[in-house]
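Just so you know, residue 1 is the first one in the sequence shown, and it goes up from there. Just follow the structure's listing: the first ligand is 1, and inside any ligand the first atom is 1.
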Amino acid sequence: MPTDTNVLDITAFRLLSESNPFLLQFLEFSPDATLILNSQRIILFANSQAQEMFGFKEEQLVGSALNLLIPERFHEVHEQHERQYLKNPVRRPMGRERHLEFIARRRDNSEFPIDISLSPLKTAESTWIAAAIRDVTRQKQAERQIQQYAGELKRSNEELASFAHVAAHDLGAPLRRVGMVSQMIQDDYAGELDENAKKLFDMLIRSVNQMEDLIRELLAHSKVGAQNLNLQPVDVNGLLDQILLEFSDTIEEHGIGIQRGELPTVSGDRVSLVRLFQNLINNAILYRSEQPLEISIDAVKRGAMLEFEVKDNGIGIDRKNHDVIFQIFRRLGNDGIPGTGIGLATCKKIVELHGGRIWVDSALQQGSTFRFTLPVEPSSGKSQPRGN
Ligand code: ADP
């Protein structure tokens, strides 16, 4: 039963709203269910949206304690919360306390999640609270669904990575045996094999080698994962020196021209970045045209990211294939150039795990420029390249 103070407060609010019709209109037209409460948590007013939301009539709400609209197990928490609020009654917008999930109760005892915004209304004697309430059932369902999808995606990615890893690893041993036995037959029975048999054995060995490449790259691809990233400052100049040294015989053999700008320090996983540059440079060499190959490597700063480019004057890539080539196992015609179709998928995985993106600018016979972004190493002020 309302106490005298509560009856006085209810009457005071009624008088206030009668003398100020704008106030009622304002509360009625609010898009949210709105309650006015006094400091005893007694409902002084409930707009029609609130009546509809909770399934109570106005006369059932006005004069009742707020607990009517709250499941019993939350009464204490809510009371504490409101006492706390009244000690420092400031405006508290919706969505502010994301860690608190408020649950409300309808007249039929069904429960639903709500978000509440509170505003203090100072009266001569005390402080009332205006509470705007929103049913967030749909939002919560969507959040839960997103969490569920994210969990499933993470699980299936992990399963896929471990499957690829195990499969690649276990396929290696029997394959090596096939290679070895073929080689032994060729060596031990050399005199007894005719030309045709030798050709068939050559084909067999080539296929085994190709399969070994495939397994090695698949294993490398499956090893690239967030948990394997060891982020640290990586001086790309030094990293490139090391990679170009590995390619030095090929560079000399084909008279390849290399141009490089002043390359920066990035925040990255050194092992993955070596693989990224190796793959791109290797591709530039593999897919060269008739003319002498020129490769240029440079970087430019773009905000918090560094944009790198690895440019060649090779056979180029038709515009319609610019996305396709980054998908795993996807290769273009390539005129018999051997490969696995994994290299660029690995590059994409590496760049994206670093928070960047990779793309290609190219046209057939016009050379290719592979561009990718990596995060700037925050502590390195030295030798960052030009840019905006
Ligand atoms: P792979 O080289 O083993 O086929 P990648 O994933 O590295 O696999 O490359 C996918 C395809 O993209 C290649 O088969 C090739 O057709 C094309 N490609 C990659 N790099 C270049 C390049 N620098 N110039 C022209 N084509 C390229």
What residue and atom, counting heavy atoms only, is the protein's closest point to [atom], and at what distance?
| atom | answer |
| --- | --- |
| atom 16 (O) of ligand 1 | Asn334 OD1, 2.7 Å |
| atom 2 (O) of ligand 1 | Tyr287 OH, 2.7 Å |
| atom 17 (C) of ligand 1 | Ile325 CG2, 3.9 Å |
| atom 10 (C) of ligand 1 | Arg330 O, 3.5 Å |
| atom 26 (N) of ligand 1 | Ile317 CG1, 3.3 Å |
| atom 4 (O) of ligand 1 | Arg331 NE, 2.4 Å |

Does [X] have a non-hydrogen atom less than 4.0 Å from ligand 1?
| X | result |
| --- | --- |
| Phe326 | no |
| Thr340 | yes |
| Glu217 | no |

In ligand 1, which numbered atoms sit nearer than 4.0 Å to a non-hydrogen atom of [X]?
| X | value |
| --- | --- |
| Asn283 | 2 (O), 7 (O), 19 (C), 20 (N), 23 (N) |
| Leu344 | 5 (P), 6 (O), 7 (O), 9 (O), 10 (C), 12 (O), 19 (C) |
| Gly341 | 1 (P), 3 (O), 4 (O), 6 (O), 8 (O) |
| Gly339 | 3 (O) |
| Leu332 | 14 (O), 16 (O) |

- Could you check whether the rings of Phe45 and Phe13 sit parallel, tilted or perpendicular, using 30° and 60° as the cut-offs? tilted
Strictly by modelled atom types, are [X] and [Y] linked by a side-chain donor-acceptor pair under 3.5 Å?
| X | Y | result |
| --- | --- | --- |
| Ser48 | Glu28 | yes |
| Asp32 | Thr34 | no |
| Glu79 | Asn67 | yes |
| Arg134 | Gln49 | no |

- Task: Tell me whether Leu293 is reachable from Ile243 by hopping between hydrophobic residues (I, L, V, M, F, W, Y) whose side-chain heavy atoms are closer than 4.5 Å.
- Result: yes
- So, does Arg330 use its side chain to make a donor-acceptor pair with the main chain of Gln327 at under 3.5 Å? no
- Note on the structure: Tightest non-hydrogen contact, residues His169 and Leu219, listed as N-CD1, 4.0 Å
- Between Leu61 and Leu69, which heavy-atom pair has the shortest distance, and what is it? CD2-CD2, 3.8 Å
- Are any of the N or O atoms of Asp312 closer than 3.5 Å to those of ligand 1? yes
- Answer yes or no on whether Arg105 is positioned over the face of Phe54, meaning its NZ or CZ is under 6.0 Å from the six-membered ring centre and within 45° of the axis. no
